[in-house]
Each structure stands twice: as C-alpha cells, then as structure tokens.
Amino acid sequence: MCSILGYCGKTDYQKMSFDEFKEALSKTKTRGPDVSRIIKTESGYLGFNRLSIMGLTTNGMQPFVFKNDRTVTYDITSESPCYGEPDDYDYALICNGEIYGFRKFRNELEAKGYRFISDSDCEIIPALYREYGTDMFAMLDAEYAMLLYDKKNDSYIAARDPIGIRPLYYGVLSDGSFIFASEPKNIVGVVDNIKPFPPGHYYKDGKLVCYKDLSKVDSFHDDDLDTIYKNIHDLLIKGVDKRLDSDSPVGFLLSGGLDSSLVCGIATTLMDKPLETWAIGMDVDAIDLKYAREVADYIGSNHHEIIITKQDVLDALDPVIHALGTYDITTIRASIGMYLLCKAIHEQSDNRVILTGEISDEIFGYKYTDFAPSPEEFQKESEKRIHEIHMYDVLRADRCISVNSLEARVPFGDHDFVSYCMSIDPDKKMNHYGKGKYLLRKAFEEDKLIPDSILWREKAAFSDAVGHSLKDDIVELAESTYTDDAFKIKSAKYTHATPFTKESLLYREIFEKHYPGQSDMIVDFWMPNKNWEGCDVNDPSARVLSNYGASGE
C-alpha cells in the first residue's frame with residue numbers, strides 16, 4: 001500500500017499551508033514507510049508516501065511528472081528533501097494502486113513514442129490519460145485510488161477502482177477547495193464532513209461520474225452448470241495469477257476456510273517455491289488453526305501460527321478502531337485477529353504483499369443468505385453487499401494490512417471474476433444443495449488443490465473462528481463499562497447508526513474520539529437482512545443463526 005493526499009486549492013488563495021499539508025500526509029506514514037514526497041502545483045499540493053512494491057528504484061517514486069510524451073525528473077530542494085516544485089510539465093500523478101497487465105499498455109504506449117523512466121506500473125497513467133482521457137478508467141484492470149493534476153487547465157481528476165479496494169476519501173474546505181486522501185485520518189479536523197469517494201467513479205470539473213458499477217447486472221447469462229464451474233475455476237486462477245506479480249516478497253493469510261484456502265491452493269500451483277502462509281487463533285478456543293494447519297500441510301507451505309490472548313484483544317481495540325475509521329460491529333470484531341496477524345507478519349518476516357480471501361461471501365452468499373426468500377432477493381442482497389463492501393470487508397482488509405506497512409491483494413475482487421459471477425442466474429447460487437457456495441466448491445472439486453474436508457467445510461465467520469472467546473471477551477468488557485442506565489443515555493446522543501448494544505456503544509465512543517462527528521462515512525451497521533424470516537437478529541455473527549450448525553467446530 002501507499003498513501004496519497006491532494007489539496008486542490010485556488011490559484012489566488014492558499015487555504016492550506018505546506019506545513020499543514022505535510023502534517024496531514026504524515027498521519028498515514030505506515031501506508032508508505034519507505035519515502036515521502038510533496039510537490040507544489042499551481043494551486044495546491046500533491047503528496048505521496050511510498051511502500052515500494054513494483055519498480056523498486058528511486059525513479060519509481062511519485063508524484064510522477066509528465067511532459068509531452070515522457071516522464072520527467074525534477075529537483076528536490078536540499079532544505080526540504082521531501083519537497084519539489086517542478087517547472088515545465090503537463091500532468092502530475094499520485095496513485096495508490098496496482099495496474100494489472102500494465103506491461104501490455106506500456107508496450108503499446110512505447111510503440112507510439114512514449115518514454116518512461118521506471119518499472120512502476122502506475123507510471124503509464126499520465127500517458128494513458130493523454131491518449132484516452134477519462135475513457136481510460138474503464139479500460140484499467142486495477143485496484144487503485146488516484147489524483148491526476150492537469151497543469152494547463154489547473155484542474156484535478158480523481159478516480160477509484162470499481163470495487164473500492166484501494167481507499168479514497170474527500171472533503172470540501174470552507175473556501176470551496178477540495179482535498180482527497182487515502183484515509184479519513186489524513187483530513188479529520190481539516191474538513192467538516194469527510195466522505196468516502198464512491199468506487200467506480202471519477203471526479204472532474206466539479207462532477208462525479210460513474211464509469212463502471214460491478215454491483216449492477218443488466219442481464220444474466222444462460223450458461224449451464226458445467227460451463228459455470230469451468231468459468232469460475234479459470235477466472236479465479238487468472239485473478240490469483242495476476243496478483244502474484246510483485247518485486248517484493250508475497251505472503252498469504254490462511255484461515256483454513258474455503259476462500260483463503262482456495263487462494264493458497266491455486267497459488268501453490270503457480271509459484272516455484274513454497275508459500276509463506278499465516279494463521280491466527282486465541283490461546284483457549286481457536287477453531288481455525290487446526291484447519292489452516294491441515295491446508296498448510298497439504299500444500300507444503302512454510303506455515304506460521306500466531307497465538308493471541310484476551311489481553312491482546314482488549315489492547316488492540318483502540319488502535320484497530322483508529323486504523324479502521326469505523327464503528328461497525330462485525331468489521332471491528334473481524335479486524336482484531338487480522339490486525340494482530342498482520343502486525344506479526346510485519347515484525348517477523350520480509351513479506352510485503354499479502355493475498356487474502358475477501359469478497360467471495362458477497363458474491364456467493366453468507367450463512368444468512370440461505371434464508372433468501374427468492375432468487376430476486378438473493379441477487380438484490382448480493383448487489384447491495386458488493387456496492388457497500390468498500391465500507392466493510394474491503395475496508396477491514398485494507399486498514400489491517402496497510403497500517404502494518406503491507407499491501408493487500410484480493411483475487412476474488414478481480415473485475416472479470418466479479419462481473420461473470422454476479423451475472424450467474426441467482427437461482428443457481430442459492431443454497432439448493434445443502435451446502436453454501438456450492439458453485440465455487442464444485443468448480444474446484446476435480447483439481448484437488450486443497451483437502452476435500454476443507455473444500456466442503458461449513459462456513460465460519462473469521463472473528464468466531466479465531467476463537468469464540470474473542471467476541472465474548474469484548475462483550476464482557478462492554479458490559480462492565482456501562483450500566484443499563486448509562487447505556488441508554490449515552491446511546492441516545494447518536495442519532496445516526498444509534499448503538500443498540502453495549503458493545504456497539506463501546507466501539508462508537510472510541511470511534512468518536514478519533515473521528516468526531518464523522519459517522520456518515522459508514523452507511524450503517526452491517527447486519528443480516530432483517531426482513532427475511534430467520535434473519536431478524538440483534539447480532540451480526542452467524543453464531544446466532546439457526547443454520548450455523550457445524551460451522552463453529
């Protein structure tokens with residue numbers, strides 16, 4: 001991961017000083033601990049904190065400055081080694097992203113006379129913009145958040161990938177100028193209202209334009225089941241393969257559940273050395289560790305287990321909520337284990353790129369979607385979850401990984417994979433088979449990439465599988481923190497996403513300490529669809545559902 005920050009001011013009036021901008025950029029130093037750089041534009045600043053993943057030389061450092069048909073270098077002042085003020089250029093770019101298949105674009109651009117100075121994938125973006133304008137965004141197979149400065153017009157173009165895997169937030173200052181940032185912590189206190197930049201959109205000339213919405217399906221394809229299995233299989237393998245492209249060491253989160261195990265099983269066939277796999281569990285009742293170990297033994301990975309205690313969990317609450325910028329119950333629960341695991345990876349290894357198993361549930365279903373009353377309702381729920389995932393599971397993966405100076409890659413978020421799977425007839429994705437995610441499981445049945453016992457294992461929520469005591473310990477803390485009367489009084493202060501349990505109040509008060517008045521950044525609590533029979537529950541954990549069954553064993 002890297003972090004970007006752009007102050008888009010007005011030429012005749014600087015609302016934000018250089019020192020203020022530099023301080024704001026420093027708040028996400030963990031996203032890009034290698035080196036920082038700021039340049040002055042005609043009307044503002046562009047800042048970048050770098051985590052070197054592709055094109056590891058200094059020439060790969062951003063902001064990239066582009067003139068005519070080539071990237072150009074510029075001087076950095078000796079008084080401020082992180083600061084530059086380029087003179088003659090057309091575009092300047094800051095981008096936190098991975099552009100998959102960028103070499104094909106680069107070769108095509110070089111054939112047209114463009115010249116580049118590094119092996120960075122993001123360096124091609126100004127040239128692409130010069131060639132294609134905003135049509136470029138729909139062409140990219142990428143995870144990114146970017147800000148491009150057009151010097152000739154003294155204007156800024158911002159954009160974010162269609163899933164929202166890379167974070168981007170924005171706000172408006174009192175003089176009407178905009179500021180864009182990788183995380184809300186960059187701009188809390190700078191603007192009154194922080195907003196998540198919508199995935200699949202670009203901003204230009206004061207307007208937000210949707211260029212791609214992967215959550216919406218115009219029509220369903222009529223592929224038979226055998227064709228569906230093959231396409232799911234082949235597209236996911238391609239999604240994993242392209243995400244192994246890195247100039248830095250790659251590691252894998254392995255919970256022992258279906259999704260992360262499939263990612264690891266596929267990667268084992270594509271890499272020429274054993275995988276580095278990582279699992280975490282509580283010291284008293286870990287569920288996932290034994291399953292992760294079973295997968296690791298099967299694929300022959302170099303496996304690492306991190307054991308955590310009740311005190312580790314409680315001590316992590318404040319830093320995790322500060323990192324996440326959310327009060328959502330299930331996101332915070334699931335982030336505790338992920339945050340502590342990634343902290344261990346950062347401290348104990350040289351892994352810098354981490355592959356994860358997020359986004360499968362939103363496509364193929366959760367435990368609660370077994371209760372979907374119709375295919376239409378199943379599809380509607382899936383579209384809602386994909387549309388909002390940048391506020392929940394994707395946010396969790398990004399922050400837990402990036403705050404520990406690592407980069408997340410999400411194969412199930414591959415654009416081609418998501419587009420195809422969202423267009424499968426939802427009746428075929430519903431649980432008519434006595435097993436959730438049947439299509440995904442069946443697609444990999446013949447390969448034997450992972451043990452059959454894992455391929456057909458019941459779904460367990462990550463926070464539960466780290467250990468049931470993780471959630472129970474937090475609930476115990478919350479119960480001891482608030483009396484019943486105090487809970488009612490304190491909860492009533494919050495009219496948006498009002499806390500409804502003592503645990504949710506505990507999270508909200510920590511959130512408000514770090515992000516006062518910014519609860520609108522998250523639309524609401526992630527919960528099962530209460531309108532469905534069997535889903536009217538007051539806890540997001542699948543443990544409270546009647547069909548949880550063997551998931552927690």
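Please read all numbers here as calculations on a predicted model, not as lab measurements.
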Would you say the ring centroid of Phe487 lies under 6.0 angstrom from that of Tyr482? no
With a 4.5 Å heavy-atom cut-off, do Asp297 and His303 have their side chains touching? no
Do Ile232 and Leu439 have side chains that approach each other closer than 4.5 Å (heavy atoms only, starting at C-beta)? yes
Face-on cation placement of Arg508 at Tyr494 ring, 6.0 Å and 45° thresholds: yes
Can a salt bridge be assigned to the pair Arg352 and Glu407 using a cut-off of 4.0 Å between side-chain N and carboxylate O? no
Quick check: do Leu25 and Ser3 have side-chain heavy atoms less than 4.5 Å from each other? yes
Do the charged groups of Glu503 and Arg333 touch, with an N to O distance under 4.0 Å? yes
From CA spacing to verdict: salt bridge (charged side-chain N to carboxylate O under 4.0 Å, His left out), Lys530, Asp536: CA-CA 4 Å; Lys530 288 177 174 288; Asp536 189 8; 3.7 Å; yes
For the residue pair Phe197 and Tyr169, is the inter-centroid distance of their aromatic rings smaller than 6.0 Å? no
What I want to find out is whether Asp161 reaches Arg166 closely enough, with some N-O distance under 4.0 Å, to be called a salt bridge. no
Pairing of Arg543 and Asp539 as salt bridge, 4.0 angstrom limit: no
Could you pull out all residues at least two apart from Gln379 that satisfy side chain to side chain donor-acceptor pair (under 3.5 Å)? Glu383
Is the Trp532 to Phe378 ring centre distance short of 6.0 Å? no
Ring-face cation of Arg243 near Tyr100 (centre distance under 6.0 Å, axis angle within 45°): yes
With a 4.5 Å limit on heavy-atom distance, are the side chains of Leu244 and Val353 in contact? no
If the threshold is 4.0 Å, N to carboxylate O, is there a salt bridge linking Lys490 and Asp485? no
I'd like to know if Arg385 pairs up with Asp361 as an ion pair, taking the criterion as any Lys NZ or Arg NE/NH1/NH2 lying under 4.0 Å from an Asp or Glu carboxylate oxygen. no
Between Arg396 and Glu358, does any NZ, NE, NH1 or NH2 come within less than 4.0 Å of an OD or OE carboxylate oxygen? yes
Carboxylate-amine/guanidinium contact Lys435 Glu458, below 4.0 Å: yes
Hey, does Ser260 have a side-chain heavy atom less than 4.5 Å from the side chain of Leu254? yes
Electrostatic pair Glu377-Lys384, nearest N-O below 4.0 angstrom: no
Check Asp283 with Lys310, please: is the shortest side-chain N to carboxylate O separation under 4.0 Å? no
Ring geometry between Tyr433 and Tyr438 (parallel below 30°, tilted from 30 to 60°, perpendicular above 60°): parallel
In this structure, is the centre-to-centre distance between the rings of Phe525 and Phe500 below 6.0 Å? yes
Side-chain contact test, heavy atoms from C-beta onward, threshold under 4.5 Å: evaluate it for Tyr291 versus Ile454 and give yes or no. yes
Does Leu324 reach the side chain of Leu395, with side-chain heavy atoms less than 4.5 Å apart? yes
Does the pair Glu347/Lys343 count as a salt bridge with the N-to-O cut at 4.0 Å? yes
Are Glu98 and Arg409 ion-paired here, with the side-chain N under 4.0 Å from a carboxylate O? yes
